[in-house]
Structures are given as C-alpha cells and as structure tokens.
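Counting convention: from 1, in listed order, for ligands and their atoms alike.
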Amino acid sequence: MGNGFDFSVERLAGTGVPGGKAPASESGGYTGNIQETDVRVGHYKRSPQDGGVNAPLQNGIGAGTFYLETFGCQMNDHDSEKVAGVLLARGYKQVERTDEASVILYNTCSIREKAAQKVFSRLGEYRTTRKEGQVIGVLGCVAQQEGEDIFERAPWVSLVCGSASYRKLPELLAQLEAGEKRITGLELDTDETFETEITRRDNPWRAYLTIIEGCDKACSYCVVPYTRGPERSRASASVLEEVRQLADMGYTEVQLLGQTVNSYEDPSARRIRFSELLVAVAEVVGIRRVRFTTSHPRDFGKDIVEAIETVPGICEHVHLPVQSGSTNVLRAMARTYTRGEYLEKIALLHGSKRPISITTDLIVGFPGETEKDFEETLSLLDTVQYDGAFSFKYSPRPNTPSLKMDDAIPEKEKSRRLAILMEKQREIQRARNERLVGETVEVLVEGKSKRENQWSGHTSSNKVMNFTSPEQKLLGHYVQVRVTGASPNSLIGEHTKV
Ligand code: 5AD
Ligand code: SF4
C-alpha cells in the first residue's frame, strides 16, 4: 500500500488478515480499506479430532491430504472455510504445498473474465506436473458455470463441484478413490451449504456467516444468478444459534454474508426483518461487532440505518454498490433503481446521527456508456463521498443478457475511464481520512508487525488502522486509538489509555 507507512502485517491464522492488499489489476481495483478479489491459500488450524487416520506418504503425497486455494469474494473465502471444515471432520489433513497433497482443490471465481482465466492458467500447470494418484478438483463459480466442459479444457481435472454440493465432497472423493474417473456435483437449488456440521474459520476473532445464498436480482452483466442460483435465506433461529456458539468459542465479531444480504427473508414463522436480525445478533452476549455485506440498494431502508444509529455493536459501515451514476446505464444494467432513488438511500445514511462510512462497487465501460454517463458516475462520487470503492472495467460474461448488447466500449477507453475514476476516488478518500486526524476510535487489534510496537486492526467503520502501542498483548483486544495520520487507504494512530 504505497502510503509511506511501511507496515508489514504478520499473518496470524491463515488468511483474511487486516490490511489485506487490494488488487490493482488491469481490470479494476480497490481504492479503500477492505479486501477484495485476491488469491488466498487458506490454512486452518487443526484440532486433535482432525487427524491420525492418514496413510503413509507415497510419492511424496500424503494420502488423505488436501490443498485448497481460494479465488474471489468473501463468500468464496467462507465457502472454503466450510470445505476445509467438511474435509477435516472426515479425517483429511490440510497441507500448504500442492506437491504434498492427494487432493488439490481450487475454489474459483467467474465474476469477471480475468478471474476465470486465472483459474485455467493455474490448472494448466498440472498438465505435466500432476503426480500419479493426485485428484485435482474445481469448486465454486467456474465449476458451476463451465460444468463438465472443464474436463474437456483440462482433462487432468477429475472433480467439478459447485457451492451447493460441498457437503457431499467426502462422498465424491470416495467415489474417485473407488475408481471413478470423473465426478460432478452441480445441483443448485439446495440450501445444504448452510448445514455443514463443522466450519473452520481462519480469523480467530471474526467469523463469517452466510445468511442468504444466491441472488434473484438478475443484473444484466452478472453471472452470480447462474453460478449461485436463486435466493435462499437461512432461518433466524439457526443463525442466532450459530452466533451464540461462535461467541462461546471466543469470536467477538460476526460478519453476515450474502450477495444481497439485506434481501434476507426469514423463512421461519418468526419472519424477523433483516434489521431485526442485525439487532438480535448484536445482542448475543460476547459479540462486540456485527458487520454485513453486500447490501442491494433496492432493499435498503430506513430501518437498517436506525438499527446502526441505535445499536453500537452494529458496525458503522454500509457497502452499497451503485455500479453507475447514470440512470440510463443503471436501466441497461437492470439494477432496478435510478440515480435519484439511489441517492435517496444515501441521504438516509448521510442523515444518520452516528456517522456511517459508505463503500461501493463501480463498473466503467458498460455497453453504450457515453462520456456523459461516465461523468455522471464521477459526479456521483462527489455527492456521495465514499470511503472506499471497488472499480471494475465491464467484462462480458457467458449467459448474461449484456453479452448481446451493442456499443461495446473499446478496452483502451475502459482503461482510461477506470484510471480517472480511481484517481478521483483516491483523492476523496485522502480528504475523508485526513478529516479523522485528532479523533479517537475503537480498533479491533488483528495484526502485529515485525517492527516493534506496531499493530494493526480495523475500526468499526472498516478502515485499516496501523498504530503504535508499547503493550505486548493486544491481539484480539478492542483498544482506543488516536488518529495521527491518514492516507487514502488507511489510518495511522497511537494507542491511548482510557
Ligand atoms: N464486469 C465487471 N464487473 C462486474 N461485477 C459483476 N459482474 C461484472 C462484470 N461482468 C462487479 C460488480 C459487483 C462486483 C462484485 O463485481 O461491481 O458489484
Ligand atoms: Fe450480481 Fe446484481 Fe445479484 Fe449483485 S445483485 S450478485 S451484481 S445479479
């Protein structure tokens, strides 16, 4: 993070650590404080129940061992936690090198073409290096989207499995061991993913919890409705029961996940609203912070703002993707709101008595986007004053309605617009963060630098804070930090005693 503050965070328990670098890839990037599309090799701490059943090594490969790499969003990170949980519970051991693993799994992302290409280039490495007896499996969105075609493109792959079938993974692997050559698990309309008996979590303080799977919104550019199926919400009692268990295990922060998390509809007779669920989760003894992502503007209402205003445990941050500032483009994207309607939601957030940080997703170069449309996106940034934004060049995706739209924008022009957008947003963030200098904020301490007395964590508003403290044992604690400096992507501070 080129912010003049050379801070290297020690990786603590695997991945998902604070301050995770945001990608500044050709196709887009993040100007903000949260982590996005990246590649992670998750490593999950083992408990005694996990192992002991593994056969001796053959070929350098441990039988019953798996390597798991994750591409994509937080939903994928959490899915990988579930996959690891399912396999560890069946006696598999997790290893960190592909050449030691009997099963190599890639949990994939297909939201943009670059992400999907990355998966195939990774798979290509095994054309010649795959060891005898190794199973190579593709999980997640690319698996769901490409299905059995993956076997054509990469014949050394023997397992293709979508997110709704992860619970069946041990059975699918057993079938491969019994001699089957190729296996798929591609059903979509099951909510089994919620019910894994054991989920490993790779951050010792923050637990992710899916409350709604799939998406019904059908934005014209997006593969998610095809790869993750229709919306299915999880019963509120089951969510709350899991939150209580997480609190008992020592987690203090819970992040509720869903592609459209605020479209949550309690399927049980209680029928509690999303905002009521937020409050109920925050009330669980031991839970200090509740986050939620991603919110869809159409279903975003005053009740959510009121919940944040009145309940300190609900974090003061809303991720509300706008995609474009032009009503014409929003219509072509089938986003179901106009610029004006989106700004009404923003007015609710700006009107909150408790300051709420707002982040967003933006797409430039959607088919037919004129210079004037693009300028409307730029002016929206001025109006909203986002604290962070993921910005992407439009990427045509298979099966989506926008694939057939006319007036494609040339790559070079998309890149030009993206660079302008990101630079503008960077300056907005610099100014917003600088305004915080002198304030004291609460930070959950998640990282310790190799450099003495240097720590890092997140504020309730989800900003990355790098700070100094002479204390020795801060990890997992909530501390008060005075902001002494700022850059577009993070804050600098000093631990204060209260
Ligand atoms: N092209 C570019 N960006 C996309 N996104 C989703 N689909 C596409 C696409 N085809 C972006 C949106 C979404 C985020 C997760 O990814 O901004 O909010
Ligand atoms: Fe994709 Fe739109 Fe659903 Fe988000 S709301 S996952 S962009 S279809």
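Numbered from 1 in the order shown, with element, the atoms of ligand 1 that lie under 4.0 Å from a heavy atom of Arg397 read 10 (N). Against a heavy-atom cut-off of under 4.0 Å, Gln323 is close to the following atoms of ligand 1: 12 (C), 13 (C), 17 (O), 18 (O). When each atom of ligand 2 is checked for a heavy atom of Pro225 under 4.0 Å away, the hits are 8 (S).
Between Asp373 and Phe366 the shortest side-chain heavy-atom distance does not fall below 4.5 Å.
The backbone and the side chain of Tyr221 each have at least one atom closer than 4.0 Å to an atom of ligand 1 (non-hydrogen atoms only). With a heavy-atom cut-off of 4.0 Å, Thr260 touches ligand 2 through its side chain alone.
A salt bridge is absent between Lys118 and Glu69; no separation between the charged side-chain nitrogens and carboxylate oxygens falls under 4.0 Å. The pair Arg270-Glu276 does not count as a salt bridge, with every side-chain nitrogen at least 4.0 angstrom from each carboxylate oxygen.
How far NZ of Lys463 is from OG1 of Thr359: 9.5 Å, rounded to the nearest 0.5 Å.
Residue side and main chain included, Cys215 places an N/O/S atom under 2.8 Å of atom 3 (Fe) of ligand 2.
Note: Tyr106 and Tyr67 have perpendicular aromatic rings, judged against thresholds of 30 and 60 degrees for the angle between ring planes.
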Show me the side-chain donor-acceptor pairs of residues 137-151 shorter than 3.5 Å, one per line, residues at least two apart or across chains.
| unit_1 | atom_1 | unit_2 | atom_2 | d |
| --- | --- | --- | --- | --- |
| Gln144 | NE2 | Leu186 | O | 2.7 |
| Gln145 | OE1 | Ser110 | OG | 3.3 |

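For Arg335, the closest heavy-atom approach to ligand 2 falls below 4.0 Å.
Looking at Ser395 next to ligand 1, an N or O pair under 3.5 Å apart turns up.
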